[in-house]
Amino acid sequence: EALGVAVAGDTVKVAGRAGSPLTYPERVPLRAGVALLGGYGLGGTPFATRAPDSTVSVLHGQSEGNVVTVPSGAGRSTVIDGFLIREGLTGRGGGLFASGASPTVRGNVFYLNASNSAISGGGGAIRLELGSDALVDGNTFVRNTSQGQSGTVHASNSSPEIVNNI
């Protein structure tokens, strides 16, 4: 709900849980200029500390489309950071889809996302197209697949900066 009312310049903090991840079974439309940060703890003072490696926030697409979509025109101040993004299933960009947008995608784990179109598909984890010059930094890609091109990141007519990923 907080993401729905956030405006450019806002940061939305999302809780996670150590040991047993806190799962959000939904698809997430990012908002231009908003930072969505996962991995915050609820113990002590809620949202005071962030440890996304141990306090896991899961965005679960339930195999029903893109898990995360970025609006056209969004720049690098649009951030998604610190999530386990899993089980998106669509023709293009199961985990994250951006067309004409250049977000910062940092510190996430993309797991079991898929692109299921051999004709125009690609980017099981991330699909960037039509001038999506995103920063993709410090992410981990595990068991993402595509019937088209690239199970991890597919860039079409885009020049993203892709660094420090495994």
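This chain uses plain numbering: 1 for the first residue, then up along the sequence. Everything numeric here is computed off the predicted structure, so don't read it as measured data.
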- Task: Look up atom CG in Asn66 and atom OG in Ser115, then write down how far apart they are to the nearest 0.5 Å.
- Result: 9.5 Å
- Item | Validation row: Arg127, Ser150 side chains within 4.5 angstrom (heavy atoms) | no
- Contact list for residues 18-28, test salt bridge (Lys or Arg N to Asp or Glu O under 4.0 Å), sequence neighbours left out: none
- Return yes if some donor-acceptor pair links the side-chain N/O of Asp133 with the main-chain N/O of Ser159 below 3.5 Å, else return no. yes
- Query: With hydrophobic residues grouped by side-chain heavy-atom distances under 4.5 Å, do Phe97 and Leu84 end up in a single group?
  - Reply: no
- Is there a donor-acceptor pair under 3.5 Å between the side chain of Thr23 and the backbone N or O of Pro25? no
- Ala125 to Asn144 - nearest heavy-atom pair and separation: CB-CG, 3.7 Å
- What one should report as the nearest heavy-atom pair of Val12 and Ala2 is CG1-CB, 4.1 Å
- Query: Heavy-atom distance under 4.5 Å between the side chains of Asn108 and Leu96, does that happen here?
  - Reply: no
- Query: In chain order, what residues pass the side chain to side chain donor-acceptor pair (under 3.5 Å) check against Thr104, with sequence neighbours excluded?
  - Reply: none
- Message: Can a donor-acceptor pair be found, under 3.5 Å and without considering hydrogens, that links the side chain of Ser132 to the backbone of Ala101?
- Response: yes
- CG on Asn113 to CG on Leu89, rounded to 0.5 Å: 9.0 Å
- Query: Do the side chains of Ile85 and Ile162 join up, straight or via other hydrophobic residues, at under 4.5 Å, putting them in one cluster?
  - Reply: yes
- Query: Taking atom CZ of Phe47 and atom NZ of Lys13, what is their separation to the nearest 0.5 Å?
  - Reply: 8.5 Å
- Task: Going by the side chain to side chain contact (heavy atoms under 4.5 Å, CB included) test, name the single residue among Thr78, Ile80, Leu3 that passes it with Val34.
- Result: Leu3
- Query: Roughly how far, to the nearest 0.5 Å, is the OG atom of Ser156 from the CG atom of Leu128?
  - Reply: 9.5 Å
- Task: For the pair Ser117 (side chain) and Gly91 (backbone), establish whether a donor and an acceptor sit closer than 3.5 Å, ignoring hydrogens and angles.
- Result: no
- Is there side-chain contact between Ile126 and Phe110, with heavy atoms separated by less than 4.5 Å? yes
- Task: Could you list who else is in Val163's hydrophobic cluster, with ILVMFWY side chains joined at under 4.5 Å, directly or through other members?
- Result: Leu135
- Message: Filter on salt bridge (Lys or Arg N to Asp or Glu O under 4.0 Å), then keep only pairs touching residues 28-41, sequence neighbours left out; what's left?
- Response: none
- Message: Can you pull out every salt bridge (Lys or Arg N to Asp or Glu O under 4.0 Å) where at least one residue sits in residues 71-94? Sequence neighbours excluded, please.
- Response: Arg50-Asp81, Arg76-Glu161, Asp81-Arg106, Arg92-Glu129
- Item | Nearest heavy atoms of Asn165 and Gly138, plus distance in Å | OD1-N, 3.3 Å
- When rounded to the nearest 0.5 Å, the distance separating CZ of Phe83 from NE2 of His60 is 15.0 Å
- Message: Let me check something: do Leu36 and Val68 share a hydrophobic cluster, defined by ILVMFWY side-chain heavy atoms less than 4.5 Å apart, either directly or through other members?
- Response: yes
- Task: Decide yes or no for Ser57 and Leu22: does some side-chain heavy atom of the first lie under 4.5 Å from some side-chain heavy atom of the second?
- Result: no
- Looking at residues at least two apart in the chain, or sitting in another chain, which of them share a side chain to side chain donor-acceptor pair (under 3.5 Å) with Asn157? none
- What's the shortest heavy-atom distance between Ser146 and Gly122, and which atoms? OG-CA, 3.5 Å
- Message: Is there a path of hydrophobic side-chain contacts, each under 4.5 Å between heavy atoms of I/L/V/M/F/W/Y residues, joining Val109 to Leu37?
- Response: no
- Note: Pro21 and Gly19 closest approach over all heavy atoms is CD-O, 3.8 Å
- Shared hydrophobic cluster for Val70 and Tyr24 (ILVMFWY, side-chain gaps under 4.5 Å): yes
